[in-house]
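Here's the structure we're looking at; comments come further down.
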Amino acid sequence: MCGIVGYTGHESAASVLLAGLRRLEYRGYDSTGIASLHDGRLHLRKLAGRVRRLEEALAESPIPGACGIGHTRWATHGPPSDINAHPHLGGEGEVAVVHNGVIENHDALRAELSADGFTFQSQTDTEVIAHLIARELRLLRDPQIPRADLLLNAVLRALPRLEGTYGLAILHRDSPGLIVAARQGSPLVVGVGEHEHLLASDATAIAPHTRQVVFLEDGEVVRLTPDSLQIAHVNRGPVTPRIDRIDWAPDAAELGPHDHYMQKEIREQPETLRNACRGRLRRDQATAVLGGLNLTPRQVRHIRRIVFAACGTSWHAALVGEYLIERLARLPVEVEYASEFRYRNPPLDDRTLVFVLSQSGETADTLGALHEAKRRGFPTRAIVNTVGSSIARAADGGIYLHAGPEIGVASTKAFSAQVAVLALLALYFGRIRGLPFVDGLAALEALEFAPEAMAQALQTEPLVRDAASRFQSTRSALFLGRDLLYPVALEGALKLKEISYIHAEGYPTAEMKHGPIALIDPETPTVFVAPRGPLHAKTLSNIAEVKARGGPILAVGTQGDAELQRLADVFLPVPDVPELIQPLVAVAPLQLLAYHVARLRGCDIDKPRNLAKSVTVE
Ligand code: F6R
């Protein structure tokens with residue numbers, strides 16, 4: 001979704017901003033623009049389309065200045081167009097604003113400002129903010145206020161008028177070298193460099209410049225010049241900035257030798273699993289160590305129920321978590337769509353622990369679910385990838401995935417890291433709640449082997465590439481799995497539909513005969529996620545039923561499973577591993593399948609149509 005970058009320092013703002021915007025492209029957007037400030041003038045370039053077009057426009061007609069703001073827009077109010085692209089100017093061009101989020105009372109404000117003589121160019125809610133600040137600047141012609149503080153004061157007076165969410169960055173024609181930014185419900189991070197400051201909605205945009213960052217909180221406003229950084233909370237006054245360090249190398253967000261980010265991230269999974277488990281396994285006690293959870297063993301014993309709330313792929317991971325925790329810790333778990341949990345007012349009791357799961361840590365529905373649980377006074381925990389994200393900071397404790405930045409819109413390595421972390425959680429809870437040492441040790445050893453097992457599962461790639469051609473002109477596919485592999489079937493179906501635009505449905509294998517079997521025909525492939533397990537014989541019967549109806553069968557199964565191989569038209573062998581880590585080895589060929597089918601169909605793999613990496617609107 002929308003992205004913000006800002007720069008004030010000594011380099012060409014346009015080049016720094018363009019580099020930042022390129023690093024934000026993965027989030028999904030439809031238009032882009034930048035504004036720079038030089039010699040008392042605001043210079044603006046903005047257009048519908050890709051950052052590449054903006055780069056060409058800037059090459060033809062460069063803009064000067066070492067202070068500026070930039071934006072990638074994902075349309076909400078008004079279609080993608082040059083006019084609706086950000087930055088927007090306020091007043092008679094004295095203010096430039098970029099904005100992430102949604103202003104809910106923009107209609108009323110637009111009417112009020114129009115009545116005051118302000119003219120609107122665009123259909124966006126953002127232009128309202130620009131005019132509002134320009135109006136405050138005019139009203140503030142107070143000789144007592146130093147010129148350097150004018151913009152900050154005008155912004156502080158304008159913000160209380162806004163209802164909704166925003167991450168904002170603002171320039172003022174008469175305030176050289178100054179960016180004022182504000183956050184309410186939409187993330188912003190400041191980068192601290194040598195005689196320069198950067199600003200972004202996502203740390204990946206500024207990581208090549210600096211790894212020293214300050215995450216802003218809701219209600220904070222920041223004033224940035226090349227040599228100063230001041231933060232104030234709108235109600236509580238000055239705030240001392242806390243500098244954090246980004247814990248991944250900036251080249252973690254580079255494509256390197258890979259063709260797509262999705263491919264890179266699929267291939268990174270052995271390392272992802274290693275990082276998710278690093279330092280968290282305790283062999284002498286056959287358990288996991290999860291310090292950030294902030295739960296004593298006594299508190300864990302007190303829990304009677306766990307509720308997971310998440311969206312999309314994170315919801316699928318949570319479903320694996322349900323099976324794992326119920327099995328190892330004998331604790332009832334419910335998995336809710338965050339968007340449903342938030343509004344349906346489910347009954348919870350004092351012994352319920354609410355967990356939210358999110359790769360980005362910024363998903364609006366998931367953040368909303370977390371706030372709702374907190375509002376009702378329930379203890380909350382989060383499983384998150386992005387360090388310092390809104391969800392990570394709002395929860396009472398949690399577990400980081402340490403998967404590094406995930407750039408491809410279709411989530412892959414975050415899913416496997418979530419599953420690994422949920423297995424750690426199940427082991428930790430299990431060992432407190434009666435899981436015997438030997439069983440704990442078996443789980444721990446399975447997790448230790450997971451990176452190697454994943455590496456072996458990824459070796460199916462050449463077979464998957466061949467299999468992909470069978471799906472190239474398919475219109476619809478079924479994905480079936482049972483027990484721990486049912487969520488993997490759901491995830492395989494989601495991957496295929498989101499990047500190759502082929503309709504796909506996931507079901508528990510045995511559900512097939514209760515309806516989906518009607519879809520089986522020679523044109524509709526069924527993907528069975530069927531590594532060996534206690535119910536394998538039943539799965540083989542289900543496969544035979546599909547075969548009898550002429551349906552093509554692709555099976556992900558245990559290496560050496562001759563029976564499965566005989567039944568399937570395409571057999572993708574994965575290593576023989578304990579059930580606990582079967583979801584990890586089974587998901588790898590499905591991710592690769594989606595990737596290669598999308599590739600054959602010529603789809604835009606890293607930026608699938610209509611999708612955004614981090615869904616920050618409801
Ligand atoms: C699918 C995908 C989405 C996300 C969902 C939640 O590949 O990426 O379904 O999983 O939007 O995002 P996070 O995990 O960032 O909260």
Side-chain angles (χ1 to χ4, degrees), residues 1 3 26-28 74 186-187 201-204 260-263 265-266 269 272 276 308-321 335-342 355-371 382-395 398-401 403-419 421-422 479 487-488 490-502 504 506 587 590-595 597-598 603-618:
M1 298 217 144
Y26 77 96
R27 298 173 64 89
W74 191 84
S186 190
S201 49
D202 175 336
T204 41
H260 299 94
Y261 280 104
M262 184 180 180
Q263 184 184 47
E265 288 156 6
I266 291 173
Q269 289 178 110
T272 309
F308 285 131
C311 308
T313 289
S314 293
W315 187 88
H316 295 156
L319 220 50
V320 179
V335 182
E336 297 258 4
Y337 285 111
S339 53
E340 290 295 308
F341 174 86
R342 181 178 182 182
F355 266 90
V356 294
L357 286 92
S358 173
Q359 186 286 126
S360 62
E362 303 294 348
T363 301
D365 289 324
T366 312
L367 188 58
L370 175 64
H371 285 150
I383 294 177
V384 171
N385 191 32
T386 309
V387 176
S389 56
S390 304
I391 290 176
R393 272 147 355 116
I399 315 174
Y400 277 124
L401 302 180
E406 190 180 65
I407 307 289
V409 164
S411 187
T412 52
K413 65 175 179 173
F415 175 81
S416 33
Q418 283 168 332
V419 169
V421 159
L422 286 160
F479 284 70
V488 174
L490 294 180
E491 177 60 6
L494 180 66
K495 288 288 89 86
L496 187 69
K497 74 184 124 193
E498 64 185 334
I499 59 162
S500 71
Y501 317 137
I502 293 173
V587 82
L590 302 187
Q591 295 167 336
L592 287 167
L593 179 70
Y595 173 78
V597 173
C603 301
D604 190 350
I605 291 178
D606 284 332
K607 298 185 209 79
R609 70 182 180 210
N610 307 337
L611 291 175
K613 180 62 185 162
S614 158
V615 185
T616 50
V617 294
E618 270 196 70

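Both counts, for ligands and for their atoms, begin at 1 and track the order of listing.
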May I have the N/O to N/O pairs between ligand 1 and the protein that fall below 3.5 Å, each with atom names and distance to one decimal?
residue  : atom   : partner : partner atom : Å
ligand 1 : 7 (O)  : Thr313  : OG1          : 3.3
ligand 1 : 7 (O)  : Ser411  : N            : 2.9
ligand 1 : 7 (O)  : Lys495  : NZ           : 2.9
ligand 1 : 7 (O)  : Glu498  : OE1          : 3.2
ligand 1 : 7 (O)  : Glu498  : OE2          : 2.4
ligand 1 : 8 (O)  : Val409  : O            : 3.3
ligand 1 : 9 (O)  : Thr313  : N            : 3.3
ligand 1 : 10 (O) : Thr313  : N            : 3.1
ligand 1 : 12 (O) : Thr363  : OG1          : 3.4
ligand 1 : 14 (O) : Ser314  : OG           : 2.6
ligand 1 : 14 (O) : Gln359  : N            : 2.7
ligand 1 : 15 (O) : Ser358  : OG           : 3.4
ligand 1 : 15 (O) : Gln359  : N            : 3.4
ligand 1 : 15 (O) : Ser360  : N            : 2.8
ligand 1 : 15 (O) : Ser360  : OG           : 2.7
ligand 1 : 15 (O) : Thr363  : OG1          : 3.3
ligand 1 : 16 (O) : Ser358  : OG           : 2.6
ligand 1 : 16 (O) : Thr363  : OG1          : 2.5

Minimum heavy-atom distance between Cys311 and Thr366, given as atom pair plus value: SG-OG1, 3.3 Å

Contact summary for Val488 and Leu590, nearest pair of heavy atoms: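 What the structure gives for the nearest pair is O-CD1, 3.7 Å.
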
Aromatic ring proximity Tyr595/His260, centre distance under 6.0 Å: yes

Backbone of Met262 reached by a side-chain donor or acceptor of Lys413 within 3.5 Å: no

Distance-only side-chain donor-acceptor flag, Gln591 / Gln269, under 3.5 Å: yes

Polar contact flag, side-chain donor to acceptor under 3.5 angstrom, Thr386-Glu362: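 There is no such pair (donor and acceptor under 3.5 Å, judged by atom type) between the side chains of Thr386 and Glu362.
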
